[in-house]
Participant: 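A single structure is presented below for examination.
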There are 2 protein chains.
Amino acid sequence: MKESRFQQWQHERPGAARKGHMVTIYDIARAAGVAKSTVANVLSGKGKVSEATRQRVLYYARELGYRPNLLARNLSQHRTFTVALILPTIANPFYPEIMEAIEHILRQRDYQTLFCNTHGDFALGRQQMERLMSRWVDGYIIMGSSMDIADIAHYFRQGVPIVLCDWQENESPSDIPQVTVDFFRAGQLAAEHLLALGHRRIAVIVDEPQQHLRLEGFRTTLRQAGLELPPDRIALGDSSLESGYAAARQLLSVGQELAPPTAIFATNDWMALGAMELVLDRGLRVPEDISIVGLDDIVVSAHLRPPLTTIAIPKTRLAQEATELLLAQIEAASREQGHELPLAGEGNDGAPQRQAETAPLRLVPPSLVVRQSTAAPVSS
Amino acid sequence: MKESRFQQWQHERPGAARKGHMVTIYDIARAAGVAKSTVANVLSGKGKVSEATRQRVLYYARELGYRPNLLARNLSQHRTFTVALILPTIANPFYPEIMEAIEHILRQRDYQTLFCNTHGDFALGRQQMERLMSRWVDGYIIMGSSMDIADIAHYFRQGVPIVLCDWQENESPSDIPQVTVDFFRAGQLAAEHLLALGHRRIAVIVDEPQQHLRLEGFRTTLRQAGLELPPDRIALGDSSLESGYAAARQLLSVGQELAPPTAIFATNDWMALGAMELVLDRGLRVPEDISIVGLDDIVVSAHLRPPLTTIAIPKTRLAQEATELLLAQIEAASREQGHELPLAGEGNDGAPQRQAETAPLRLVPPSLVVRQSTAAPVSS
DNA sequence: GTGAAAGCGCTAACAT
DNA sequence: ATGTTAGCGCTTTCAC
């Protein structure tokens, strides 16, 4: 039976030796009258040990309250079984949700997750990355907008296991593995829904350029229906709720030649919430006066008044694929390096060790979730 | 000038040696023609080194693309400059918010934060703790409801730096330092507000027993106003939004001898949102038919329709105090152990090394935030 | 100022 | 089946 790397050791028994400092395998070895390596063999379940000594070692391990020192183990193994998850913020509920999903899956694979919040600050992101590179972690899952893609590419080309998650698929060099949502399709779905309801005066709130594909999918579908998206119907946000509020105000502001929109598509739920707040603050009704569509399907969206119609992102799926892609890299790296993970280059004299081939790109499909924030326009 | 532990090293220059494996101080030493220890001295800015060699070492460090190995450093220093933050869930937005605050402050102090989500599962919490105890982290900030207090006490008595955050102050052994909110007072504030508005038929949704103090504060104030809180006006939740919804349904369910309440106090915002959802689903109005008060002041609460009246918890303050209390312990431990942090006992033959004295308890005051989910009852 | 050497706790190859 | 030995990369005395 394969023993887990994280086998638990019991708490020391009441009277157990707790003098001196931490208990090491050497202490156990002495107590049990065997060699360090024998203890190591027992504890890792690897080498061959007689049942008798095995039991004796186990006994003393427990008796002395032994606890393995991961630092030492990692140092000698060149692996930490830890993965860093780098995200741009946790103020937008989308990120805690995906965090939870990724952490859960990683735990199942016996990996520890280390969260890093860059606050959307590239300099900070680089700094954190730099710190982590000091052999803290075996690989990285990097969420969109959290770091400078150039920095990431730099690390990746040195052989660091990395997977991009939730980026626009055309945003990054194609040699870095990534898993993301088909955002173009997401934009299409939103547009199709609004068009089907009969809307013609449609506006959008978007965080450019990071959400460009969502906009393009949306725009394309409108265009196919013979509708253009004039500049006055596009408001920029920064993905925050507040920016959604401000953008909506701008869209509804008077003194435009255009009639006010009957529907708004916000390229994420968090901004959509802000937009909805503004609309309601104006004394308008959702969806009667203005329909609103979001994107992400964060938990709260379903519990608002009215519940938000949105384009759902399959977060669990995203998490699974990302993890899979990353662990594959980690395993490969550890294999080809003789169980040593690459930190700097591996190879022959400065030759880049990664082929600039096309890496796997996994696009997961979004889906429309119709709730009560959208309806046919009344004035139609 | 004090050098940061996290001094950055530049990315290696284009043609820099990237062969073989990672660059160590030994490589630098060889290149610069000095001893390892001299390099170490330069890099740590500690020992005395002539400016000339200093520059030379620095030059080669950069040239070779040196990156310190934290694992090795930590192993030999017996410190990781990492703090674990253990929380019960991140589904409730309160936790991401406090996470952000704590991480921010810890970073200022040059500490890395390691988040651990126990999903409210004590067994899992213990398992994670056990893992972390293997010398991963220097100390722990443990949020309420995330672990079994008995387990925590066990570790603490072994000398592990721990601070409890956001627990009920009477919930834990008094020898563990803690910082929390005056929840009794919070309950009082909620009651005072509702009484002042003229409510008499008041109900509460509470996650017992973890939120007992909030309930007691509330109950006490009502009682002082001559109001009892009958069992049918108390519904139990588990802190989740869904449970708030269910609890509210129970409170409004027909067939009771009691008239329906005109106000509901939910002991956290997340449940309050659920309660509000149910009320609105029933076709009732908030606050006209039913007033709702929450507790936590999570970000979304302000953006709901109607915006939620709530008792605010000063999260930044909480984070500051918790960090302060923890770092003090870490410093103390590292000092008295000769720069070695205690893992198991330190002391003389099984004698518990912590006095069972009363540890610092910091209570931060909550405050009432009035928004539009509360108003005077109409039928009054 | 600089260097040699021991050690942190564990793993892993090689002897026995 | 068990023991010996040599690292992992860094810090830290303590001589020179």
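All values reported here derive from a predicted model rather than from experimental measurement. Lettering follows sequence order; numbering is per chain, from 1.
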Participant: Of all the choices, C/dC10, D/dC8, D/dG3, which nucleotide is nearest to the side chain of A/His78 once you look at every atom?
Facilitator: D/dC8
Participant: Without decimals, in angstroms, what is the distance between B/Arg56 CZ and C/dT2 C1'?
Facilitator: 11 Å
Participant: Tell me the interatomic distance from A/Gln77, atom CD, to C/dC10, atom C1', rounded to whole angstroms.
Facilitator: 9 Å
Participant: From the set C/dG9, D/dT2, D/dC10, return the single nucleotide nearest to any side-chain atom of A/Ser50.
Facilitator: D/dT2
Participant: DNA chain C: A/Ser76 or B/Val49, which has the more 5' nearest nucleotide?
Facilitator: B/Val49
Participant: Report the distance from atom CD1 of A/Ile25 to atom P of C/dA12, rounded to the nearest whole Å.
Facilitator: 11 Å
Participant: Separation of A/Lys36 atom NZ from D/dA1 atom P, in whole Å?
Facilitator: 22 Å
Participant: Looking at side-chain heavy atoms only, is the closest gap between B/Arg107 and A/Leu124 below 4.5 Å?
Facilitator: yes
Participant: Please state how far atom CD in B/Glu51 lies from atom C1' in C/dT2, giving the value in whole angstrom units.
Facilitator: 16 Å
Participant: Quick one: does any side-chain atom of A/Asp27 pair with a main-chain N or O of A/Thr24 as donor and acceptor, under 3.5 Å?
Facilitator: yes
Participant: Mind calculating the distance between CZ (B/Arg79) and P (D/dT11) to the nearest angstrom?
Facilitator: 14 Å
Participant: Whole angstroms only, please: what is the NZ-C1' distance between B/Lys48 and D/dC16?
Facilitator: 17 Å
Participant: Less than 3.5 Å between a donor and an acceptor, one on the side chain of A/Ser37 and one on the base of D/dG3, is that the case here?
Facilitator: yes
Participant: May I ask you to evaluate whether B/Tyr26 reaches the phosphate of C/dA4, defined as a side-chain N or O under 4.0 Å from OP1 or OP2?
Facilitator: no
Participant: Is the number of heavy atoms from other residues, nucleotides or ligands under 6.0 Å of B/His119 NE2 greater than 12?
Facilitator: yes
Participant: Check whether any side-chain N or O of B/Lys46 sits under 4.0 Å from OP1 or OP2 of D/dT11, and answer yes or no.
Facilitator: no
Participant: Once you round it to whole Å, what is the distance between P of D/dG7 and CG of B/Asn69?
Facilitator: 17 Å
Participant: Between B/Arg79 and B/Glu331, is the closest basic N to carboxylate O distance under 4.0 Å?
Facilitator: yes
Participant: Please determine, for the side chain of A/Leu75, which listed nucleotide (D/dC10, D/dG3, D/dC8) has the closest atom?
Facilitator: D/dC8
Participant: Among D/dC10, D/dG3, C/dC10, which is the nearest nucleotide to the side chain of A/Val34?
Facilitator: D/dG3
Participant: How far apart are the closest heavy atoms of A/Ile330 and A/Pro161, and which atoms are they?
Facilitator: CG1-CB, 3.9 Å
Participant: Let me know, please, whether B/Ala72 or B/Thr53 comes out on the 5' side of the other along DNA chain C by nearest nucleotide.
Facilitator: B/Thr53
